[in-house]
Protein chains: 4
Amino acid sequence: MTETKPNLSEQLTSIKQKHIIDAAIRVFSEKGFHRAKIKDVAKEAGIADGTVYNYFASKKELLLAVLNELNETEARPAQFENLNSTDLETLFLKQMQHRFNFMFAKKEVLQAVLPEIISDSEIRELYFDAIISPTLKMGEQAFSEVLTEPSVSSEALTRALAGSLFGLLLLNLLGDDETEKHVAEILGFLAKSFASNLERKIA
Amino acid sequence: MTETKPNLSEQLTSIKQKHIIDAAIRVFSEKGFHRAKIKDVAKEAGIADGTVYNYFASKKELLLAVLNELNETEARPAQFENLNSTDLETLFLKQMQHRFNFMFAKKEVLQAVLPEIISDSEIRELYFDAIISPTLKMGEQAFSEVLTEPSVSSEALTRALAGSLFGLLLLNLLGDDETEKHVAEILGFLAKSFASNLERKIA
Amino acid sequence: MTETKPNLSEQLTSIKQKHIIDAAIRVFSEKGFHRAKIKDVAKEAGIADGTVYNYFASKKELLLAVLNELNETEARPAQFENLNSTDLETLFLKQMQHRFNFMFAKKEVLQAVLPEIISDSEIRELYFDAIISPTLKMGEQAFSEVLTEPSVSSEALTRALAGSLFGLLLLNLLGDDETEKHVAEILGFLAKSFASNLERKIA
Amino acid sequence: MTETKPNLSEQLTSIKQKHIIDAAIRVFSEKGFHRAKIKDVAKEAGIADGTVYNYFASKKELLLAVLNELNETEARPAQFENLNSTDLETLFLKQMQHRFNFMFAKKEVLQAVLPEIISDSEIRELYFDAIISPTLKMGEQAFSEVLTEPSVSSEALTRALAGSLFGLLLLNLLGDDETEKHVAEILGFLAKSFASNLERKIA
DNA sequence: AATGAATGAGGTTTCATTCAT
DNA sequence: GATGAATGAAACCTCATTCAT
């Protein structure tokens, strides 16, 4: 029963961890995980090298903590507010905008972490199971509930939508500034297109 | 008629370089660039460590050569056979299938190289200028020639299409096997959707 | 009065650098710069290989630090005590003894560093500009002030004297023990000979 | 008895060895023994890397062959032509000029080899026993025969003279161009000085 | 808890030497 | 005899991690 306050020192620890993680995100995303040195992270965080190890067991643990940053909020399902009454195009648009904005806000983290997700199978599986897979499942579920006699499987539709968003982010990460400039237009076009051949269930 | 044979030793060098590049692709894509050691590449190629350096000045040069491997074939524009007479949906579909198949065939290399492209700004710029940018430009040009009073800018349309494809590949690289399973369906849906709100110029 | 103490940690660093430099001098002079490995220096200094690099950026930097060791004290001009009242022979003798003793005390360092000075043009120029040239200039100046209607140019005289001393040291470095045994006699003879045909200005 | 012609192929071998040695001298003296690569020597000689090893067992053997270059002619005692009738100053001058010219002609070889002589004890002993020691002995002998009641031991005198010459060369190797410019004057001064306090035996 | 100097395993790269052609 | 590609031992250097202060 004595759980009361989550321990002052624990809170402090948590705050300092967050501080280091933020520094790590900046450094990792700028230099890449392997080129970034613990010394760089420590300097960015304004602490000593050794101090990092008081909060993270290893450099890889720190990376996993950064990865977890995505988890934290990504998991939070979009507030499907009052989407019941909107048409499909608007629903798609809202959803895609929401997702894209979220990813875009996390662009730095993704840049820091994506290379490792792609190249390290251990991390890849972790990320896939923790984030990608559930997100896709959620999407499939949502679509199957919302669509009437769809001409595409919800698996395919989910991947078309998710893929489009991932792709836009990737284009941006790869250096294409135009993508960023035309986001609104692109998302609008995508939403309209995807909605063209589908019909919403009447609630 | 005798196109001066490009020097026997040059040919040999080229073949051996290719041999090492192929080994590097396998090793890089399995372990990732940084976890892959020159020793690994050499072993995979069946040669001594030092021999690698007879063909590539440094590990990074080897990576660039791998990167170049993408260039080699990527540049080849799709044979726009008799696409003149087809409708827009079919045209999109053919194009996307072509591109996707190409990227998918290079999946291993991309997995090896993408992390570095994302995290190393030097390589990123190189790759963007050499491949991404020209490809996007080509797309923009093609669309502007083909469409009648499009409701989207060719920049946006290009990125919607390219992004979708990149995104599918990325989903697959991240471990989603479903993407691979449903490719045909997804591409079909994408083509149909994108074509829905556009009209082709009458030739 | 309290001359700000030069920072404790700076002092420590300086002491440790000196410790490594001393070890390097011993190892370089015994094995020669190239045959001496960083591992050897570290072992001689009783530290780990990597620690050397906490104090010197590279092996060559360490060599330059060793070189600088000569600079440190070489610069100190001989105390021309009361040389005003002495005859030329005595003045030459005192000077030569002073110089020779100094060089002889630095014999180990010179043996460590001389080969590189001779064979590395970068280091050669550094050493020449920092030490040889100023020393010769000083000599020329001193002689021109001290001699009456000399039959030799001060440039030539300086080089005769400096050369003699360098030569003796070199003979010794090359393994001639007799040189060391007869130093006193040789220097005496040199001083007397050089003074024979010159006359001192009357102060 | 069948020694006849020294075998044509032996002659060829000897010529080619000399060719490689000359290339080595140029390369070693410019870059220093350790910085010089066998590839550099081969290129300078206009042959393949491997060919060097048909004529010298190892890089060090090549260095010893270069060292031997000094031996070849150095050993040849100066033709003490008709020095009987000259005064001591002239005799010294002639001798020193002869020696100095010889050393100066071999400057490149010395620059190539001296660093190793100083830093490699094996080579040092070889060189000392083969060249320095006999030369000094010869000098001692000559002086003891020529001087009447000398005020210096022949050991000391020999070293004073030899040292002066070595020293001038060293000054020059270290980069002092003035030495070269004033050689005549310096040697003249040295000869006159050394002769000042000595007297020649009357033949 | 924070520090940062010390550590040393391990990686990239060099290059003398070998040897099949 | 000449060649030069292949070799692989060994060196320099980096940097994640430890630990005494």
Side-chain angles (χ1 to χ4, degrees), chain A residues 9 12-13 16 20 33-43 45-63, chain B residues 9 12-13 16-17 20 33-43 45-62, chain C residues 9 12-13 16-17 20 33-43 45-62, chain D residues 9 12-13 16 20 33-43 45-63:
Chain A
S9 82
L12 273 177
T13 295
K16 287 182 194 165
I20 296 172
F33 179 65
H34 288 100
R35 263 172 297 277
K37 313 305 168 197
I38 286 290
K39 192 176 281 289
D40 299 328
V41 175
K43 200 171 287 175
I47 58 177
D49 301 15
T51 306
V52 174
Y53 287 85
N54 289 338
Y55 294 92
F56 301 95
S58 69
K59 194 186 175 192
K60 185 153 184 178
E61 284 299 316
L62 178 55
L63 178 70
Chain B
S9 85
L12 269 177
T13 295
K16 287 178 195 166
Q17 281 182 326
I20 296 173
F33 179 66
H34 288 100
R35 262 172 296 276
K37 308 308 168 193
I38 286 292
K39 194 177 279 290
D40 300 326
V41 175
K43 200 171 287 176
I47 58 178
D49 299 16
T51 305
V52 175
Y53 289 87
N54 289 340
Y55 295 92
F56 301 95
S58 67
K59 195 186 173 192
K60 184 154 185 177
E61 284 299 314
L62 178 55
Chain C
S9 85
L12 268 177
T13 294
K16 288 178 194 167
Q17 281 182 325
I20 296 173
F33 179 64
H34 288 99
R35 262 172 298 277
K37 308 308 168 194
I38 286 292
K39 193 178 280 288
D40 300 326
V41 175
K43 199 171 288 176
I47 59 178
D49 300 16
T51 306
V52 174
Y53 290 88
N54 290 340
Y55 294 92
F56 301 95
S58 68
K59 196 186 173 193
K60 185 153 186 176
E61 283 298 316
L62 177 55
Chain D
S9 82
L12 273 177
T13 294
K16 287 181 193 165
I20 296 172
F33 179 65
H34 287 99
R35 262 173 297 278
K37 314 303 169 200
I38 286 291
K39 192 176 281 288
D40 299 327
V41 175
K43 199 171 287 175
I47 59 177
D49 301 15
T51 306
V52 174
Y53 287 84
N54 289 337
Y55 295 92
F56 301 95
S58 70
K59 195 184 175 192
K60 185 153 186 179
E61 284 299 315
L62 178 55
L63 178 70

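Throughout, a chain's letter reflects where its sequence line sits, starting with A, and its residues are numbered from 1. Quick caveat: nothing in here was measured; it's all calculated off a predicted structure.
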For B:Lys39, I'd like to know if atom NZ has over 12 heavy atoms of other residues, nucleotides or ligands within 6.0 Å. no

Residue-phosphate contact under 4.0 Å: D:Asn54 side-chain N/O, F:dG1 OP1/OP2: no

Of all the nucleotides listed (E:dT13, F:dT7, F:dT18), which has the minimum atom distance to the side chain of B:Tyr53? E:dT13

Check every strand shown and say whether D:Lys16 touches a base, only sugar-phosphate, or nothing at a heavy-atom separation below 4.0 Å. sugar-phosphate

Which nucleotide wins on minimum distance to the side chain of D:Lys37, given the candidates E:dA16, F:dT14, E:dA6? E:dA16

Let me spell it out: for each of C:Thr51 and D:Ala48, pick the nucleotide of DNA chain F with the closest heavy atom. Which residue's pick is nearer the 5' end? D:Ala48

Find the distance D:Asp40:CG to E:dT14:P and express it as a whole number of Å. 14 Å

Distance in angstrom units between D:Ile38 CD1 and E:dT17 C1', rounded: 9 Å

Distance in angstrom units between D:Lys39 NZ and F:dT3 C1', rounded: 11 Å

What closest approach, in Å, do C:Ala42 and C:Val52 show between heavy atoms, and which atom pair accounts for it? CB-CG2, 4.0 Å

Along DNA chain F (nearest heavy atom to each residue), the more 5'-positioned of B:Val52 and C:His34: B:Val52

Take the protein atom NZ of B:Lys60 and the nucleotide atom C1' of E:dG11, then report the distance between them rounded to whole Å. 17 Å

Check whether A:Phe33 forms a cation-pi arrangement with A:Lys59 (NZ or CZ under 6.0 Å from the six-membered ring centre, at most 45° off the ring normal). yes

Given atom CG of A:Asp49 and atom P of F:dC15, what is their separation to the nearest angstrom? 12 Å

Selection from F:dT3, F:dA16, E:dT12 that lies nearest to any side-chain heavy atom of B:Lys59: E:dT12

Reckon B:Tyr55 touches a base, only the sugar-phosphate, or nothing at all at heavy-atom distances under 4.0 Å? sugar-phosphate

For the pair made of CG in D:Leu63 and C1' in E:dA16, what is the distance, rounded to whole Å? 14 Å

